[in-house]
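This report concerns only the one structure given below.
All values below were derived from every heavy atom in this structure, side-chain atoms included, with hydrogens, water molecules and symmetry-related copies excluded. Note that the numbering runs from 1 along the sequence shown for the chain.
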Amino acid sequence: MWSHTMTVQDYQDLIDRGWRRSGKYVYKPIMNKTCCPQYTIRCHALNFQPSKTHKKILKKMSKFLLKGEMPTDYDG
């Protein structure tokens, strides 16, 4: 099913019933045929408060993307 053709309420109803989304597709996983359990991870974007660790990672990533600077603790 295409997620972008649904109303917000229809999409939320499916998610609440265990459906998942991958890109533009919405699907119902077959739990007895998959190798691993699926866990829902939700982040309420309007209430999100980044931790000190989040801010540190964001700063490193920004330096890399803007200036190409590699972190000094880079293992690669």
Side-chain angles (χ1 to χ4, degrees):
M1 195 179 321
W2 291 96
S3 62
H4 67 278
T5 61
M6 289 187 247
T7 66
V8 173
Q9 189 58 53
D10 289 339
Y11 175 76
Q12 187 62 54
D13 290 343
L14 288 175
I15 296 300
D16 292 341
R17 288 183 177 93
W19 287 62
R20 299 291 177 256
R21 190 183 98 200
S22 180
K24 295 179 181 180
Y25 300 101
V26 179
Y27 62 95
K28 178 76 173 174
I30 303 170
M31 298 305 286
N32 61 347
K33 292 185 179 181
T34 58
C35 65
C36 306
Q38 297 183 4
Y39 300 98
T40 300
I41 300 173
R42 269 202 174 159
C43 176
H44 295 283
L46 297 176
N47 299 330
F48 177 72
Q49 294 291 320
S51 68
K52 186 175 180 180
T53 304
H54 291 138
K55 291 176 186 177
K56 189 175 180 180
I57 292 169
L58 182 59
K59 186 176 179 180
K60 285 182 182 183
M61 192 66 186
S62 294
K63 280 185 179 181
F64 175 73
L65 292 174
L66 293 172
K67 303 175 185 176
E69 292 180 20
M70 296 294 278
T72 55
D73 59 347
Y74 178 69
D75 293 333

Subject >> Residue list, side-chain hydrogen bond (donor to acceptor under 3.5 Å, both in side chains) with Gln9, at least two apart or on another chain >> reply: Asp13
Distance in Å, [X] [atom1] paired with [Y] [atom2], rounded so as to fall on 0.5 Å steps:
X	Y	atom1	atom2	value
Arg17	Gln12	CZ	CD	10.5 Å
Gln49	Lys55	CD	NZ	8.0 Å
Leu14	Lys28	CG	NZ	9.0 Å
Thr5	Asp10	OG1	CG	9.5 Å

**OP:** Compare every heavy atom of Gly18 with every heavy atom of Pro29, then report the nearest pair and how far apart it is.
**Re:** CD-O, 3.5 Å
**OP:** Please lay out, stage by stage, how Met6 and Val26 fare under the test side-chain contact (heavy atoms from CB on, under 4.5 Å).
**Re:** CA-CA 10 Å; Met6 289 187 247; Val26 179; 3.4 Å; yes
Original post:
Residues two or more places apart in sequence or in another chain: which of them pass side-chain contact (heavy atoms from CB on, under 4.5 Å) with Ser22?
Top reply: Tyr27
Original post:
Is Met61 linked to Met70 within one hydrophobic cluster, defined over Ile, Leu, Val, Met, Phe, Trp and Tyr using a side-chain heavy-atom separation of less than 4.5 Å?
Top reply: yes
**OP:** Flag yes if more than 12 heavy atoms outside Ile30 fall under 6.0 Å of its CD1 atom; otherwise flag no.
**Re:** no
Original post:
Any side-chain heavy atom of Phe48 sitting closer than 4.5 Å to one from His54?
Top reply: yes
